[in-house]
Amino acid sequence: MNRPRPDHDRTNGTDRTGKDDRVPLADGLNYPEAGATRLRPLPAGYHHLHVRVPVGHGRAALETAGAAITRWEMHRASGARVTASTARAEPGTSVEVSLGLGPLRFRAPCRVIWTAYGPDRVGFAYGTLTGHPECGEESFVADLAEDGSVWFTVTAFSRPARWYSRLAGPLVPVLQRMYARRLDATLRRLAAQADTGGTGGPRWSGSRHPTTG
């Protein structure tokens with residue numbers, strides 16, 4: 001399987017062009033191990049989640065999956081409400097994901113920690129901010145293997161940060177895994193359009209425009 005190219009992974013610091021993209025990524029985070037979903041190993045003392053599934057085949061499927069992941073369409077198509085400070089995931093982007101209905105809707109404020117925009121790997125990770133019911137980090141990545149298959153990987157570490165998430169106890173990891181599976185089913189559906197010669201949904205582009213939604 002193709003390995004990610006480091007010069008396409010962006011986090012706090014500079015990118016391969018020398019442009020400074022330094023932002024106060026750690027400010028407001030409610031956990032100290034920012035970036036651990038990219039650097040590995042995942043830190044001890046958290047629940048670990050790793051889901052990896054095939055979602056399509058070919059570069060068109062990768063482009064479709066990568067765009068759906070980094071432009072928030074995967075989350076929205078899975079039923080989540082997403083408000084983001086940029087149209088595409090970038091280090092420092094503020095993101096709020098909310099799930100549920102009415103008084104049972106919970107809001108999860110996050111910040112994008114790192115991104116990957118490479119020829120064979122596209123995705124990002126966000127970390128939890130103060131006020132999130134959990135503390136930790138989660139990454140969503142699509143990659144193209146040498147045999148042409150496209151894989152979607154969710155990697156996360158988390159632990160309860162609020163009284164109600166602590167009260168839920170062992171139910172929280174089960175719900176997290178269920179949601180990860182829901183995301184991969186959504187991504188398979190979007191990537192299938194590219195496999196069958198359809199429009200393929202949104203494709204990745206280099207433009208960036210602030211948005212909320």
Item to check | Minimum side-chain heavy-atom gap T93-Y126 below 4.5 Å | outcome: no
Next on the checklist: Using modelled atom types and a 3.5 Å cut-off, is there a donor and acceptor pairing between side-chain atoms of T70 and backbone atoms of G66?
Outcome noted: yes
Item to check | Donor-acceptor contact below 3.5 Å, side chain T130 vs main chain G28 | outcome: yes
Next on the checklist: For V154, is there any backbone N or O sitting under 3.5 Å from a side-chain donor or acceptor partner on E138?
Outcome noted: no
Checklist entry - Got a sec, which residues hit salt bridge (Lys or Arg N to Asp or Glu O under 4.0 Å) with R181, two or more places apart in sequence or on another chain? => result D184
Item to check | Aromatic ring pairing F157/Y31, orientation class (parallel under 30°, perpendicular over 60°, tilted between) | outcome: perpendicular
Checklist entry - Would you call W114 and E137 a side-chain contact if the rule is heavy atoms closer than 4.5 Å? => result yes
Checklist entry - Is the backbone of D27 close enough, under 3.5 Å, to the side chain of R111 for a donor and an acceptor to pair up by distance? => result yes
Next on the checklist: Can you confirm whether R40 sits close enough to T155 that some side-chain heavy atom of one is under 4.5 Å from a side-chain heavy atom of the other?
Outcome noted: yes
Item to check | Intermediate values then yes/no, side-chain contact (heavy atoms from CB on, under 4.5 Å), T37 and I113 | outcome: CA-CA 10 Å; T37 52; I113 302 300; over 6 Å; no
Checklist entry - When rounded to the nearest 0.5 angstrom, what is the spacing between CG in L62 and CD1 in I69? => result 8.5 Å
Next on the checklist: Taking A89's backbone N and O only, do any of them form a donor-acceptor pair with T115's side chain (distance below 3.5 Å, no angle check)?
Outcome noted: no
Item to check | Side chains of F124 and V95 in contact at under 4.5 Å (non-hydrogen atoms) | outcome: no
Checklist entry - Nearest 0.5 Å, what's the SG-CG distance between C135 and L129? => result 12.0 Å
Checklist entry - Side chain of R59, backbone of P119: donor and acceptor closer than 3.5 Å? => result yes
Next on the checklist: I need the S98 OG to H75 NE2 distance, nearest 0.5 Å.
Outcome noted: 11.5 Å
Item to check | From OG1 (T64) to CG (L187), nearest 0.5 Å | outcome: 9.0 Å
Checklist entry - Between H47 (side chain) and A156 (backbone), is there a donor-acceptor pair under 3.5 Å? => result no
Next on the checklist: Checking the side chain of W72 only, and the main-chain atoms of T86 only, is there a donor and an acceptor separated by less than 3.5 Å?
Outcome noted: yes
Checklist entry - Do you see a donor-acceptor pair shorter than 3.5 Å between the side chains of T153 and W151? => result no
Item to check | Min side-chain heavy-atom separation V122-V141 under 4.5 Å | outcome: no
